[in-house]
Amino acid sequence: MKSILLILTNHADLGTTGKKTGFWISEVAHPYNFLKDKYNLVFASPLGGPSPVDPGSLEAHADDAEVKTFLADPVAQKLVATTVVLNTLDPKDFDAVLYPGGHGPMYDLAVDAFSLGFAARMYEQNKIVAALCHGPAGIADVKLSDGSFLVSGKNVTGFANSEEDAVQLSAFMPFLLEDKLKQNGGLYTKKADWASYVVVDGRLVTGQNPASGHELAKKLHEMLG
């Protein structure tokens, strides 16, 4: 059975808002539910241990049947509560890596040296690198061995500036994801705010927002077989 590594955030504070963040529940729940019986799924984070879930996402998806299933799944909940320390893992043991979003990755995965290097090694070992919503923050600054940015010259998407503005959090972000992807040479495109949109460029797969989780998981499955 092929293996997929999900790299989650450890960051729980939403800038200077006084609010909490973490991973966005549907961006883990939807892919997990689709992929769990098809692949070996491993959850990791820079620090290991519990990955915080954004409380706002629990409210937003209170009536989401798939989220309810995920929250009631003891295996899934153990994976979230006991993520593996990322620097104990080796890219050779995985066929794909997925960075889910939520605002947490904007603060830790975006600058975590081991995580950035892990994504680079995955890509250079001909593995699939996928990222959803704010998850591309974890790959935007990835540099390959030739010094070029992973996203440079590649078709990508991610949480749009207009979506960040819509949730009134642009001023609290360390950077705007759409801008960062463009600055590092990414050929960024998007659809309407909150519409499902997934871009595949070779072995790089990105999704625009939470609504893109199902589509991204299906693309991963198509690519991995």
Side-chain angles (χ1 to χ4, degrees), residues 1-11 23 27-28 31-32 34-36 38-48 51 79-80 83-102 104-106 108-159 177 180-181 184-188 198-208 212-213 215-225:
M1 182 178 283
K2 293 181 178 179
S3 296
I4 302 174
L5 178 65
L6 285 80
I7 300 182
L8 274 59
T9 183
N10 294 117
H11 190 89
F23 70 87
E27 297 177 32
V28 175
Y32 174 85
F34 181 79
L35 299 168
K36 67 178 181 177
K38 303 174 179 69
Y39 304 97
N40 175 45
L41 302 182
V42 177
F43 285 30
S45 64
L47 302 178
S51 177
L79 287 170
V80 171
T83 65
V84 180
V85 178
L86 181 58
N87 68 12
T88 66
L89 299 176
D90 191 316
K92 70 178 176 57
D93 296 322
F94 300 95
D95 300 283
V97 61
L98 169 59
Y99 288 81
M106 296 285 286
D108 62 352
L109 296 179
V111 295
D112 185 87
F114 190 87
S115 178
L116 294 169
F118 194 97
R121 287 187 288 155
M122 287 287 291
Y123 191 79
E124 293 191 323
Q125 290 175 23
N126 295 315
K127 311 295 182 68
I128 297 169
V129 175
L132 176 61
C133 193
H134 285 94
I139 64 169
D141 274 336
V142 168
K143 284 191 174 181
L144 303 177
S145 56
D146 64 2
S148 67
F149 286 108
L150 167 61
V151 299
S152 181
K154 297 186 181 69
N155 295 294
V156 294
T157 191
F159 204 62
L177 181 54
K180 171 78 77 170
L181 291 168
N184 290 349
L187 307 177
Y188 179 91
V198 173
V199 174
V200 178
D201 192 328
R203 289 173 288 103
L204 181 62
V205 186
T206 47
Q208 181 178 328
S212 310
E215 186 180 349
L216 185 142
K218 290 176 181 176
K219 290 288 187 185
L220 269 181
H221 181 45
E222 290 172 10
M223 295 170 73
L224 285 169

Which pair of heavy atoms, one from [X] and one from [Y], lies closest together, and at what distance?
X      : Y      : answer
Asp201 : Lys154 : OD2-CA, 3.4 Å
Tyr32  : Leu79  : CE1-CD1, 3.7 Å
Pro100 : Glu27  : CB-O, 3.8 Å
Val129 : Ile139 : CG1-CG2, 3.9 Å
Leu224 : Ala96  : CD1-CB, 4.2 Å
Pro136 : Ala131 : N-CB, 3.5 Å

Does NZ in Lys143 sit with more than 12 non-hydrogen atoms of other residues, nucleotides or ligands closer than 6.0 Å?
->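 Atom NZ in Lys143 is not packed in, count stays at 12 or less.
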Taking the side chain as C-beta and beyond, is there a heavy-atom pair between [X] and [Y] under 4.5 Å?
X      : Y      : answer
Phe118 : Pro91  : yes
Pro31  : Leu216 : no
Leu5   : Met122 : no
Val97  : Lys127 : no
Phe23  : Val80  : yes

[atom1] of [X] to [atom2] of [Y]: how many Å apart, nearest 0.5 Å?
X      : Y      : atom1 : atom2 : value
Lys219 : Thr206 : NZ    : OG1   : 11.5 Å
Ile4   : Phe43  : CD1   : CZ    : 10.5 Å
Phe159 : Ser212 : CZ    : OG    : 10.5 Å
Asn155 : Leu187 : CG    : CG    : 5.0 Å
Gln125 : Phe94  : CD    : CZ    : 11.5 Å
Asp108 : Ile7   : CG    : CD1   : 10.5 Å

Can you check side-chain contact (heavy atoms from CB on, under 4.5 Å) on Tyr99 and Leu132, steps first, answer last?
-> CA-CA 6 Å; Tyr99 288 81; Leu132 176 61; over 6 Å; no
Looking only at atom types and distance, does a side-chain atom of Thr88 sit under 3.5 Å from a main-chain N or O of Val85, one as donor and one as acceptor?
->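 Checking the backbone N and O of Val85 against the side chain of Thr88, a donor-acceptor pair under 3.5 Å is found.
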Check whether any side-chain N or O of Ser3 sits under 3.5 Å from a backbone N or O of Asp95 as a donor-acceptor pair, and report yes or no.
->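 No: the side chain of Ser3 does not pair with the backbone of Asp95.
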Test Val198 against Val205 for side-chain contact (heavy atoms from CB on, under 4.5 Å), laying out the working first.
-> CA-CA 7 Å; Val198 173; Val205 186; 3.8 Å; yes
Given Ser45, which of Asp112, Thr9, Thr83 fulfils the side chain to side chain donor-acceptor pair (under 3.5 Å) condition?
->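 Among Asp112, Thr9, Thr83, the one meeting side chain to side chain donor-acceptor pair (under 3.5 Å) with Ser45 is Thr83.
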Check the pair Val156, Val199 against side-chain contact (heavy atoms from CB on, under 4.5 Å), reporting the backbone distance first and the verdict last.
-> CA-CA 6 Å; Val156 294; Val199 174; 5.7 Å; no
